[in-house]
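Remarks on the structure that follows.
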Amino acid sequence: MGLFDRHAGLLEAYRDVRTTGYDPFQIRMERVLSPTEAIINGRKTLLVGTNNYFGLTFDSSCMEAAIEAIRAEGTGTTGSRIANGSYNEHVALEQEIAEFYGKKHCMVFTTGYQANLGIISTLAGEGDQLLIDADSHASIYDACKMTQAEVVRFKHNDPSSLEARLRRLGDRPGNRVVVLEGIYSMLGDTAPLREFVDVCKKYNAYVLIDEAHSLGALGETGRGLCESTGVIDDCHFIVGTFSKTLGAIGGYCVSDDPDFDILRVTVRSYMFTASLPPSIVASVRQALKVVKARPELRKQLWDNVATLYDGLAAQGFKLGPEHGPVVGVHLPDRMVAIGFWRAMLDAGIYVNVAVPPATPNGVSLLRCSVCAVHTPEQLQHMVEVMTGIGRQLGVIDDRTRRVVGGAR
Amino acid sequence: MIVENDGIADTLELRRGSTLARGEVMGEICHHLSPFQVGEKPIAGDTVIAKDLTIDSLAIMDMVMELEDRFDVSIPMNVVAEIHTVDQLADTILKLHARR
Ligand SMILES: Cc1ncc(COP(=O)(O)O)c(C=O)c1O
């Protein structure tokens, strides 16, 4: 068997995808113009698939902070956090994030992927049990491949399914660690966190929640689902990323556990990779200030979510179960999804396309992510374009417009 | 006498040793796998799940979750990774069930 033979199935699926002419996995942004626009294939394109929820990638205060940091401290740290790569600013950023959550400790990682990979695989060790939601992000699944703990999946967003698995463990020794996400990245649905926390309390399990897509978007001060559901104190570990709402790159984990800092010398994805460059640390610190100082961005984001979600729902599109900064549009199969995606790109709108095996339950999706600085006109235009394509492809009904309860 | 509801299962079933019949487990597995059958070849004990059928790895894990709840056992992911045939899956479920 040749090295690449095991990928034969994937190659075939990938070939299907490319028959449409564009390869969705090799789209090139020829020039990024703003958080919401770029030149793709030589044409100005509206971006609705970037995770840039507050549009901070071009925030002038964040950009200035980054530029100043480069002038002061250079382009990179060239070393890991446990060697020459811990600057005052890394430590200050950790303190600021810890304070933001009202937790005692914070560790900053070079990416959110590495935060999940390292924290989850290290927290739960030999003899422990790791319980993960079936729709968990790849970084969580990869942590499960690395851990010595026993791993069991429970049904997506189903506290009773988690409870059954905790109950079956009975009085077996070992720590139980339950891994959840605030907003799930494909369909944009939120976890029933309070119910999950109740179950975890009942069985004495630790809760780790990844707020990658909910930082900024949820909670009165933008701390995520743990804040909007009032359970920050019950979440033992909160993980997040700088690569979405904060407009840069990096990851973090906060906790109140008094021994948390031991992870700095045990988590390999923290120890054996270079730390974030000064410019990133500076822009993230500034972005966090912006998130705190400008709650109106959150409101703008949710207003935009309503425009897109309700607009598409009113035309009969099948969407993820609830309003959220990620709007997942269900399509019947992979080829329709790719064709739809391509037609949108031809019409000057970029979204993400998500097809099996990267999606839960084998669904095919257009994954749209909304930005606080989209204008209502941009999003209304998008609804019109999608409606036209949807009718052409027979995805939505041509004549009768379904009216969805209470929408606009 | 398998009860699907977990709360009830506690009282009715966890009491030691209501033995589970192999035929019942095989029947349930085949029921879950039948949509992925290739041609006329029947699903049997020596069917290699990931190779002889059209089921992908994610769907296998989802099926395992259904079987877990049906028979009130948990099969850790690293154990699932070692299971190749229908027989091995049935044996794992029976073993875990007997151990409860
Ligand atoms: C739920 C979730 N967790 C973690 C990550 C990883 O984030 P990062 O881009 O910082 O590696 C992502 C992003 O893809 C995500 O969607």
#### Entry: CG (N204(A)) with more than 12 external heavy atoms under 6.0 Å
no

### Query
V73(B), V80(B), V79(B): which one forms the most heavy-atom pairs within less than 4.5 Å of chain A?
V73(B)

### Task
Could you tell me whether Y113(A) atom OH has more than 12 heavy atoms of other residues or ligands within 6.0 Å of it?
yes

### Message
Can you tell me if R268(A) has over 12 outside heavy atoms packed within less than 6.0 Å of its CZ?
### Response
no

### Task
State, yes or no, whether a side-chain contact exists between R165(A) and D69(B) at a heavy-atom distance under 4.5 Å.
yes

### Task
Could you list which of residues 55-64 of chain B have a heavy atom closer than 4.5 Å to any heavy atom of chain A, in residue-number order?
L58(B), M61(B), D62(B)

### Part of T147(A) lying under 4.5 Å from any heavy atom of chain B
neither

### Query
Quick one: NZ on K145(A) to CE on M77(B), what's the gap to the nearest 0.5 Å?
8.0 Å

### Task
For P76(B) and V152(A), work out which heavy atoms get closest and say how close.
CA-CG2, 4.1 Å

#### Entry: Exercise: identify the closest heavy-atom pair between K155(A) and M65(B)
N-SD, 3.6 Å

### Query
In terms of heavy-atom contacts, does CZ of F25(A) have more than 12 from other residues, nucleotides or ligands at under 6.0 Å?
yes

